[in-house]
Amino acid sequence: MKISLLLQREPFQRIFEATMERHLSATTGIAHCVKWQNNVGWLTRISVNNTNCWFCNPHINAIFVNGANRNVFDQSWKNYGGGSASIWRSAKRAYIAAATFTYTQSMFAPYRLTIQPAIDSAANIIITGGNTRLRIFDINRREATTILKEGFAPSLVSSDLGVRQANPWLPAPQVLRILECGKAYVEPILEGDFVETINDFSARNRAFAEAIRICNQLTVGTASQFVLADYLRGILSHVAESSYRLLNHAQDTSHRISKWLSVLNASSLIDRVPEQLMVEVGQTHGDLQPGNILVDLGAITIIDWERTTHRMYGFDSLTLALSSRRNQSGLVTRAIMLADGQFADHSYFESARQALRGSGLAGEVEGRLLLYLAEELKFHLDENTFGPIKIPTIGLSRLLDELESWLSRTTNK
């Protein structure tokens, strides 16, 4: 997630200061002071002895020192500068070029920061934002340090590390060192391209299919069988508990979820799911999307395992095939089209279709669709209760719009 969005959903400036002070002090043994400067003119220079002056450009998700080495922006180009040619892509590339050019960096960076004492070799470092973590890329060492943001649940790191340690066969980055008693870890900077920036659609589809094969293998290898209706009721119970925790900072959202659950229970949709239907539940990635799949010489690497947990079989394939992380609007319509075989004939679509259709018994598709939507709602609710998020995330708000519309259409048939 770009810093521009993080600034809207949470007190990112304060979180950044606290996170970096904690991390730098813990790893160097020297107390550090990090200060975020708002509303600083682009001509302003901050000059203090033994202090780094940093710029923050939210639109390229980058925090970098004044006069940074141009090579530190390789990550920005990898994330935002690739893909097929278009006017929009050309405009983005032009913006990145101007925003990272030594003599115009300050013109495009609306925020200034100071870090004291100064970080060694700061010109070779870039810091990026994320949903629950920050990343420091050191191009000299060719290492990336992932740091849990202050106020967010430590399980977001322990779960990530745990699933990779328990399944060393996964094509995930190698963990070089664990820091801060498990609140941070170091990996090599990965080569290759994010799959969404690859112009060869055949190569993209092969990468998607391989990622789904791997995630399905993980789920099957850790799976247990549950009665679908009972498991669904358990997920909805978790949704109700999470909704209650939103009352402190998102009362309207909490009330919307409670109302949706009430209408769902009154509709008897769950009761229409045949009791003999079973569902496999096992470990999933949870956030499988093109931005979390890298390709290097045909081999893939799957990153960002922070949202891993046990979910229904096929959750990852459905998330990827339905573009659930990019577009909640029309999610149910896309899912129904997928179940009916109306999507393109790619192997990863077929895997997702089978996850929705199951054995094809009467009522099973509706039950599995409801289960996926409940798992997806739980995903977004957990995101909103894992840390100091001050407003409901865009994904949660749009998913609720979709769920309310779908349930209204279903109950009015």
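Positions are given from 1, in the same order as the sequence printed here.
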Judged by atom type as modelled, is there a donor-acceptor pair below 3.5 Å linking the side chain of R164 to the main-chain atoms of P173? yes
Contacts of type side chain to side chain donor-acceptor pair (under 3.5 Å), residue R334, not counting sequence neighbours: none
Kindly give the heavy-atom pair with the smallest separation between N131 and E383, and that separation in Å. ND2-OE2, 3.3 Å
Under 3.5 Å, is there a donor-acceptor pair between the side chain of T197 and the main chain of D193? no
Tightest non-hydrogen contact, residues L396 and H380, listed as N-ND1, 3.8 Å
Relative to each other, are the rings of F55 and F64 parallel, tilted or perpendicular (30° and 60° limits)? perpendicular
Is it the case that S359 and E364 place a side-chain donor and acceptor less than 3.5 Å from each other? yes
Listed partners of F152 passing ring pair (Phe, Tyr, Trp, His ring centres under 6.0 Å), at least two apart: none
Applying ring pair (Phe, Tyr, Trp, His ring centres under 6.0 Å), can you list everything that pairs with F101, at least two apart in sequence or on another chain? Y103
With sequence neighbours left out, the residues meeting salt bridge (charged side-chain N to carboxylate O under 4.0 Å, His left out) with R177 are E143
Please check this pair: side chain of N69 against backbone of V72, looking for a donor-acceptor N/O pair closer than 3.5 Å. no
Check the side chains of Y231 and E375 for a donor-acceptor pair under 3.5 angstrom, ignoring hydrogens and angles. yes
Could you tell me whether R213 and D316 make a salt bridge, using a distance below 4.0 angstrom between a side-chain N and a carboxylate O? no
To the closest 0.5 Å, what do you measure between CD (E187) and OG1 (T301)? 10.0 Å
Is the side chain of K2 donor-acceptor paired with the backbone N or O of G129 at a distance under 3.5 Å, no angle test? no
Ion pair check, E17 and R14, cut-off under 4.0 Å: no
When every non-hydrogen atom of V157 is compared with those of K183, the smallest separation belongs to CG2-O, 4.1 Å
Which value, rounded to the nearest 0.5 Å, describes the distance between L232 atom CG and L373 atom CG? 10.0 Å
Walk me through it: do F137 and I189 pass the test side chain to side chain contact (heavy atoms under 4.5 Å, CB included)? CA-CA 7 Å; F137 294 89; I189 292 179; 4.0 Å; yes
Treating S242 as the side-chain partner and H238 as the backbone partner, does any N or O pair qualify as donor plus acceptor under 3.5 Å? yes
Looking just at side-chain N and O atoms, do S243 and S254 make a donor-acceptor pair shorter than 3.5 Å? yes
Write down the atom of H59, the atom of N57, and the distance for their closest heavy-atom approach. N-OD1, 3.0 Å
Do H285 and N292 have a side chain donor and acceptor closer than 3.5 Å? no
If I take atom SG from residue C215 and atom CG from residue L170, how far apart are they, to the nearest 0.5 angstrom? 8.0 Å
With a 3.5 Å distance limit and no angle check, can you tell me whether T28 reaches the backbone of L24 through a side-chain donor-acceptor pair? yes
Can Y313 and Q354 be said to form a side chain to side chain donor-acceptor pair (under 3.5 Å), step by step? CA-CA 10 Å; Y313 174 82; Q354 287 299 324; over 6 Å; no
Tested for side-chain hydrogen bond (donor to acceptor under 3.5 Å, both in side chains) against R133, the lone hit among T145, T19, D160 is D160
Checking side-chain polar atoms at under 3.5 Å, does R256 have a donor or acceptor matched by the opposite partner on T253? no
Salt bridge between R398 and E402, side-chain N to carboxylate O under 4.0 Å? no
For a quick check under 3.5 Å, do S258 and Y244 share a side-chain donor-acceptor pair by atom type? no
Does the side chain of S237 pick up a donor-acceptor pair with the side chain of R233 at under 3.5 Å? no
With sequence neighbours left out, write down each residue that passes ring pair (Phe, Tyr, Trp, His ring centres under 6.0 Å) with W36, or none if nothing qualifies. F12, F16, Y111
Any chance you could lay out the side chain to side chain contact (heavy atoms under 4.5 Å, CB included) test for E366 and V273, step after step, and finish with the verdict? CA-CA 8 Å; E366 189 175 68; V273 178; over 6 Å; no
Determine whether the aromatic ring centres of Y95 and F108 lie less than 6.0 Å apart. yes
Here the pair of heavy atoms bringing H23 nearest to L179 is CE1-CD1, 4.0 Å
Are S106 and N66 close enough, and set up right, to give a side chain to side chain donor-acceptor pair (under 3.5 Å), and what steps lead you there? CA-CA 8 Å; S106 61; N66 183 18; over 6 Å; no
R206: what forms a salt bridge (charged side-chain N to carboxylate O under 4.0 Å, His left out) with it, not counting sequence neighbours? none
Between T319 and Y372, is there a side-chain donor-acceptor contact under 3.5 Å, judged purely by atom types and distance? yes
Chi angles and distances behind the side chain to side chain donor-acceptor pair (under 3.5 Å) call for T308, Q283: CA-CA 7 Å; T308 183; Q283 197 79 29; 2.8 Å; yes
Please find the pair of heavy atoms, one from L318 and one from A355, that lie closest to each other, and give the distance. CD1-CB, 4.1 Å
Give a yes or no answer on whether the side chain of S317 reaches the backbone of G314 with a donor-acceptor pair at less than 3.5 Å. yes
Between D138 (side chain only) and R141 (backbone N and O only), is there a donor and an acceptor less than 3.5 Å apart? yes
Could you check R307 against L156 for side chain to side chain contact (heavy atoms under 4.5 Å, CB included), going step by step and ending with a plain yes or no? CA-CA 7 Å; R307 302 302 302 276; L156 292 164; 4.0 Å; yes
S25 side-chain N/O to H32 backbone N/O, donor-acceptor pair under 3.5 Å: yes
Quick one: do N384 and T393 satisfy side chain to side chain donor-acceptor pair (under 3.5 Å)? Show the steps, please. CA-CA 7 Å; N384 281 260; T393 57; 3.0 Å; yes
Over 12 non-hydrogen atoms of neighbours within 6.0 angstrom of NZ in K35: no
Run the side chain to side chain contact (heavy atoms under 4.5 Å, CB included) test on N205 and E210 for me, step by step, so that the C-alpha distance in whole Å, both residues' side-chain angles and the decisive distance to 0.1 Å come before the verdict. CA-CA 8 Å; N205 291 330; E210 178 64 5; over 6 Å; no
If you count heavy atoms of other groups shown closer than 6.0 angstrom to CG of D120, is the number above 12? no
With the threshold set at 4.0 Å, does a side-chain nitrogen-carboxylate oxygen contact exist between R204 and E196? no
Salt-bridge test for R135 and D304: reply yes if a basic N is under 4.0 Å from a carboxylate O, no otherwise. yes
Which value, rounded to the nearest 0.5 Å, describes the distance between Q37 atom CD and Q13 atom CD? 11.5 Å
Nearest 0.5 Å please: distance from the CD1 atom of I126 over to the CG atom of N71. 11.0 Å
Answer yes if the side chains of Q328 and E376 hold a donor-acceptor pair under 3.5 Å, and no otherwise. yes
Separation between CD1 of I127 and CH2 of W54, rounded to the nearest 0.5 Å: 4.5 Å
